[in-house]
Q: 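Supplied in structure tokens, the structure appears directly below.
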2 protein chains.
Amino acid sequence: MPNRPASMRDVARRAGVSLSTVSRVLRGAAGVTPEVRDKVRAAAEELSYAVSRNASGLVTGRTCRVAVVVPSLRPWYFASVVSGLGHALHEAGLDMLVHQVGHLEDWIHTLPLRHNSDALVAVALELTEEQCAHAADMAGPVVLVGERLPGRASVHIDDHAGTAGATRHLLNLGHARIAYIGSRTDGGMSLSSTARLNGYHEAMTEAGLEPWTVTKSPGPGCGELAVGELLSHQSPPTAVLAESDNVALGAHRALRRSGVPVPGAISLMGFDDHDVSSALDLTTVDQAPQTLGRVTGHLVADLVQGRRPSDTCVELPVQIVPRQSTAAPRKRRTSP
Amino acid sequence: MPNRPASMRDVARRAGVSLSTVSRVLRGAAGVTPEVRDKVRAAAEELSYAVSRNASGLVTGRTCRVAVVVPSLRPWYFASVVSGLGHALHEAGLDMLVHQVGHLEDWIHTLPLRHNSDALVAVALELTEEQCAHAADMAGPVVLVGERLPGRASVHIDDHAGTAGATRHLLNLGHARIAYIGSRTDGGMSLSSTARLNGYHEAMTEAGLEPWTVTKSPGPGCGELAVGELLSHQSPPTAVLAESDNVALGAHRALRRSGVPVPGAISLMGFDDHDVSSALDLTTVDQAPQTLGRVTGHLVADLVQGRRPSDTCVELPVQIVPRQSTAAPRKRRTSP
DNA sequence: AGGCTGTGTGAGAACGATGTCACCACAGAT
DNA sequence: ATCTGTGGTGACATCGTTCTCACACAGCCT
């Protein structure tokens with residue numbers, strides 16, 4: 001009962017021209033009389049006809065589709081990246097296929113994408129070169145977002161500069177005992193985690209101060225546990241920089257419950273500019289994930305459409321967002 | 001240089017059988033000797049071959065692809081719905097094309113989807129019957145999520161029961177002066193907004209109490225403005241129910257800034273179970289958007305794959321999530 | 001044996017577009 | 001008048017699948 005949709009042949013018949021001519025018009029190819037073109041356009045409009053990317057892709061070899069692989073769409077960060085990506089791809093006339101793969105093992109299983117997309121964007125996946133090569137073999141250009149791999153196209157932020165800047169922000173406020181809360185899985189640290197940690201280290205040693213790092217396994221309890229450890233110290237830090245807003249969130253909760261005023265006794269900084277940060281008035285580092293996605297989209301479009309992009313490895317700047325959770329340290333009573 | 005990927009013909013040659021046989025094997029069709037089947041599978045594996053949905057869709061008329069149209073992927077709610085949807089579709093062997101359309105006018109422009117997807121899921125879009133019909137004409141079955149339209153398949157939560165339950169929760173705590181903050185655009189109220197308002201009304205009148213409603217135009221300032229209005233009243237409410245967590249968030253901020261303790265002086269409830277709610281310990285109504293998406297995915301899969309779903313119009317229950325922002329009202333000092 | 005049935009396989013026509021090539025008319029040059 | 005482009009158009013092969021049909025061959029019953 002869903003009577004077959006109109007085909008190009010139907011449009012051709014209606015316009016009284018040949019199939020080829022309709023194709024030319026709809027593709028915007030040159031060599032058609034304006035008069036004929038309008039006639040064809042009108043016919044297509046009346047039949048509310050749209051070309052089948054399926055069929056055209058079959059002969060051109062291009063699907064006008066980009067596959068995006070992401071651990072999950074739900075977390076704020078991924079949603080933002082994919083959102084920006086979607087907009088940019090849409091502008092370039094590309095459709096976006098979204099695949100969520102929880103574990104990297106599933107990833108390889110999801111891969112039979114060949115012929116089904118023109119490129120692949122992997123968001124926040126730590127791929128090995130081997131996996132990348134396999135993916136490229138299956139689906140054309142591969143672009144990494146939020147991670148990097150030598151020799152592969154990637155778009156990511158300058159994590160190092162972000163934490164370095166954040167640390168300097170705290171130093172400039174007058175803090176000296178600045179602790180850093182990081183996350184670390186059994187498998188080690190991701191490249192961006194490492195870069196963030198290094199940024200902190202650099203800024204601290206640059207200032208002649210001893211870095212003070214606490215790492216916990218990632219998850220909801222990360223920030224809380226770390227704060228517990230920090231507060232039990234003989235002289236606790238006056239400022240805490242968290243690897244991410246999620247960690248900062250847990251830290252914030254722990255501080256609140258411990259009755260430690262923020263920023264009165266301890267200044268707290270996050271990293272991400274998560275929605276929650278503005279709700280909690282948390283000073284943080286904006287990594288503009290939507291921009292990340294958008295830039296990636298342009299890059300992918302360039303690659304797919306055969307333009308040579310200026311640079312296949314883009315590093316985006318970050319920006320400090322000052323809010324209420326950081327302030328100059330309280331004067332120490334012990335000083336004369 | 002990206003040497004053309006293997007085609008079915010290549011697999012056939014390698015396995016020493018005909019094209020048809022390969023097709024049969026890879027489709028899982030019956031009537032193939034186990035021995036031949038294994039041979040074909042092996043050949044396909046070696047060539048790391050995957051069927052082109054493009055080509056197979058061309059002849060079957062099915063694309064194994066579902067188009068999802070959503071205002072934006074960024075907000076928590078949409079991301080959750082689409083995430084659930086994606087998982088369910090993936091289980092059903094369907095790929096998900098995501099389109100973000102900010103305005104409904106763009107929507108119609110995005111529509112040339114015919115032949116490019118088997119079904120269309122519209123998330124939180126208030127479509128007219130005409131637009132639905134047009135969409136159905138272009139892309140097969142249409143399923144609405146979070147909104148409803150008589151005669152169209154839809155999946156949504158029981159907004160009415162949600163606010164009614166929330167109101168009763170506050171009533172049970174002993175509140176009587178319960179205000180409701182709603183949002184309303186110039187164009188009127190969406191169906192779900194209306195249902196939420198009605199739920200509140202019903203519970204209040206049921207309890208013999210006078211409803212007290214404040215509506216502001218939606219946006220970040222909605223909750224704040226409303227709280228301003230409520231606090232300026234001669235005897236302010238002891239409890240406030242917000243149409244959504246976003247509104248509640250603004251209300252929470254305004255109360256905090258006004259020095260009104262929550263829940264000490266005023267109990268506050270939201271609706272959605274947004275991430276921020278747990279961060280703020282906000283009592284709210286969980287509408288499980290990911291489940292919403294998941295259920296929609298199953299429904300769409302049924303429709304696409306020709307199974308007759310048990311019901312094309314699903315209403316999901318909601319659940320109160322009690323947290324720290326609601327408590328019994330303070331005893332009134334004026335009572336003897 | 002002869003005729004059925006059934007089962008595994010292959011040949012070839014779709015599907016709906018694109019791209020190549022041939023054709024036709026008509027312009028201007030010879 | 002004939003030749004030669006040239007610009008608009010149509011015929012047809014092609015892309016990689018699925019699907020329909022025909023065929024070969026085995027087994028079983030009369």
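In the text below, chain A, chain B and the rest are named by the order of the sequence lines, each starting its count at 1.
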Q: If I take atom CG in residue B:Asn54 and atom C1' in nucleotide D:dT14, what distance separates them, rounded to the nearest angstrom?
A: 15 Å
Q: Figure out the CG/P separation between B:Leu47 and D:dG16, and round it to whole Å.
A: 14 Å
Q: Is the backbone of A:Thr128 close enough, under 3.5 Å, to the side chain of A:Gln131 for a donor and an acceptor to pair up by distance?
A: yes
Q: For B:Arg13 and D:dT17, give me the distance from atom CZ to atom C1', rounded to whole Å.
A: 15 Å
Q: Would you say A:Glu129 and A:Arg152 make side-chain contact, with heavy atoms under 4.5 Å?
A: yes
Q: How about A:Arg74 and B:Ser80: does a side-chain donor come under 3.5 Å of a side-chain acceptor?
A: yes
Q: Check whether any side-chain N or O of A:Gln100 sits under 3.5 Å from a backbone N or O of A:Leu73 as a donor-acceptor pair, and report yes or no.
A: yes
Q: Nearest-Å distance, CG (B:Asp10) to C1' (D:dC15)?
A: 13 Å
Q: Can you measure A:Arg62 atom CZ to D:dC15 atom P for me and round it to whole angstrom units?
A: 19 Å
Q: With a 6.0 Å cut-off (strictly less than), is the heavy-atom count around CZ of B:Arg307, excluding the residue itself, greater than 12?
A: yes
Q: Whole Å only: how far is the CZ atom of A:Arg53 from the P atom of D:dT17?
A: 21 Å
Q: Which of residues 17-36 of chain B sit near DNA chain C, with a heavy atom under 4.0 Å from it?
A: B:Val17, B:Ser18, B:Ser20, B:Thr21, B:Arg24, B:Gly31, B:Val32, B:Thr33, B:Val36
Q: Please find the earliest and latest nucleotides of DNA chain C, in the 5' to 3' direction, that have an atom within less than 4.0 Å of any heavy atom of chain A.
A: C:dG16 to C:dG19
Q: Quick check: on DNA chain C, is the nucleotide nearest B:Gly16 upstream (toward 5') of the one nearest B:Ala55, or the reverse? Name the residue that is more 5'.
A: B:Gly16
Q: With heavy-atom distances below 4.5 Å as the criterion, would you say the side chains of B:Val51 and B:Arg27 are in contact?
A: no
Q: State, to 0.1 Å, how close B:Leu144 and B:Glu147 come at their nearest heavy-atom pair, and which atoms those are.
A: CB-O, 3.8 Å
Q: Does the A:Asp118 side chain pair with the main chain of A:Thr63, one donor and one acceptor, at a distance under 3.5 Å?
A: yes
